[in-house]
Trainee: 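Once you've had a glance at the structure underneath, I'll fire off some questions.
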Amino acid sequence: MLLTHATLATMNGPMGTEGYGLIPDAAVVIEGDRIAWAGPMAELPTAFRSLPEHDVAGRLVTPGLIDCHTHAVFAGHRAVEFELRLQGASYEEIARAGGGILSTVTATRAASEDDLLARALPRVDQLIASGATTIEVKSGYGLTVEDELKMLRAARRIGRSRPVTVRTTHLAAHAIPPEFKGRATAYIAEVAISSLRAAHAEGLVDAVDAFCETIAFSTDDLAPLFAEARALGLPVKLHAEQLTDQGGAAFAARHGALSADHLEYLSPEGVAAMAAAGTVAVILPGAFYTLRESQLPPIAALREAGVAMAVATDLNPGSSPLASLTLAMNMACTLFRLTPEEALLGTTVHAARALGLADRGRIAPSLRADLAIWDADHPAELSYRIGATPLHSRIFGGSLDA
Ligand code: NIG
Ligand code: FE
């Protein structure tokens, strides 16, 4: 396929830097599921000129967007907790009273794998409609070996049901279920590590995540889980410093984590540790907004230290019922002061890094042909609009969406 007359945001800045990498009046050559060539129309090699042409009439074309942090598989909803928080209850209070994540656990345990898939697909369709071609999906609402496996199997099936790549993350260390109350060490050994081994044996795990927080697990609790991930050859990531500073990001960085996510309470030491390890900072403005948090993640310090920042939805029923990547980008700019260029790097180049994927996130020869075509002419438009997503169409693995 030959895409012509595109306003191309390649995300390859000048001389190996990162940025929009804009090319006006550009062409993209796609062979199979890969990009074969991209550049100005005037420089299109003659060999490609006879390919079947798809004229995008000047529209903006970007890499397909990547949502590197979602909890898209779950049952039930938590609208009643939303009401309670508006009346003054905090996320922590609700969690300590047995609501929060644990109320979604009850609903998810009661649901079948088919049911979980059926409930996830409409959410995934919304992410796709906001330009996503790759999404990460976590477990973490099962909290038994069988229920964690059920969630991961449902997550894998999303990728066979929709034109989207799914990366699965094992998150059994998300909360301590009532039957293990006060026994975090036993839970990690008997459920988190056991379910990780079983899920890995079934090919269901691309990465291992955990929730490091006073209402969840300490770094000491998590050390054996991260050691097991290493033994299995799996990369780790961590929900860190969302509500308090537990030194989670530095702990994750010491384990060579792909990413540390949330980070509102990240310390200067945490920033330095992430910079040294090359750990991506995944910022989640949907959770910040929903919880009406006032502590901002240290964006200027991360930028200064050269830590790559990714932007994701954190799509989940409690802290972030947000199913639009472009709205996440808007919130990252308005609430966290990212530039629109940083926001787009955050859902392309840096999101790919946060998932350990080297074959996508930019438009360049040999990378996957995952593209988003927008009714827009400047990439800042993707972050600027609120609610309306200007997606025109997508190309997924070289195929145009029907
Ligand atoms: O990323 N912080 C922990 N985990 C999720 C929240 C999940 C939930 O509240 O159901 C998050 O915000
Ligand atoms: Fe999360």
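When a ligand or atom number is given, it counts from 1 through the structure's own listing order. We're numbering straight along the sequence, starting at 1.
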Trainee: Looking at T334 and M331, would you say the former's side chain and the latter's main chain have a donor-acceptor pair under 3.5 Å?
Mentor: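 Here the side-chain-to-backbone pair does not exist.
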Trainee: Who are the ring-ring contact (aromatic ring centres under 6.0 Å, His included) partners of Y384, not counting sequence neighbours?
Mentor: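 In terms of ring-ring contact (aromatic ring centres under 6.0 Å, His included), with neighbours along the sequence ignored, Y384 is linked to no residue.
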Trainee: So, H54 versus H5, ring centres under 6.0 angstrom or not?
Mentor: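 No.
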Trainee: Nearest 0.5 Å please: distance from the OG atom of S161 over to the CG atom of D125.
Mentor: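 S161 OG to D125 CG: 10.0 Å, rounded to 0.5 Å.
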Trainee: Would you please indicate if the ring centroids of F217 and H174 are separated by under 6.0 Å?
Mentor: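 Judged by ring-centre distance (under 6.0 Å), F217 and H174 do not meet the cut-off.
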Trainee: Is a donor on one side and an acceptor on the other found under 3.5 Å between the side chain of T7 and the backbone of G58?
Mentor: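 Present.
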Trainee: Output all residues satisfying salt bridge (charged side-chain N to carboxylate O under 4.0 Å, His left out) with E179, sequence neighbours left out; order by chain, then residue number.
Mentor: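 By the salt bridge (charged side-chain N to carboxylate O under 4.0 Å, His left out) rule, E179 matches R109.
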Trainee: Regarding S112 and D115, do their side chains bring together a donor and an acceptor under 3.5 Å, going by distance alone?
Mentor: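 There is no such pair between these side chains.
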Trainee: What count do you get for protein N, O or S atoms closer to the Fe ion (ligand 2) than 2.8 Å?
Mentor: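 Total protein N/O/S atoms under 2.8 Å from the Fe ion (ligand 2): 4.
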Trainee: Write down, by chain and number, every protein residue that brings a non-hydrogen atom to less than 4.0 Å from an atom of ligand 1.
Mentor: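 If the criterion is a heavy atom under 4.0 Å, then ligand 1 touches H69, H71, R78, Y91, I101, Y141, H174, F211, H239, Q242, H262, D314, N316, G318, S319.
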Trainee: What is the ring orientation for Y20 with H378, classed by angle as parallel under 30°, tilted 30 to 60°, or perpendicular over 60°?
Mentor: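 Ring orientation of Y20 relative to H378: perpendicular.
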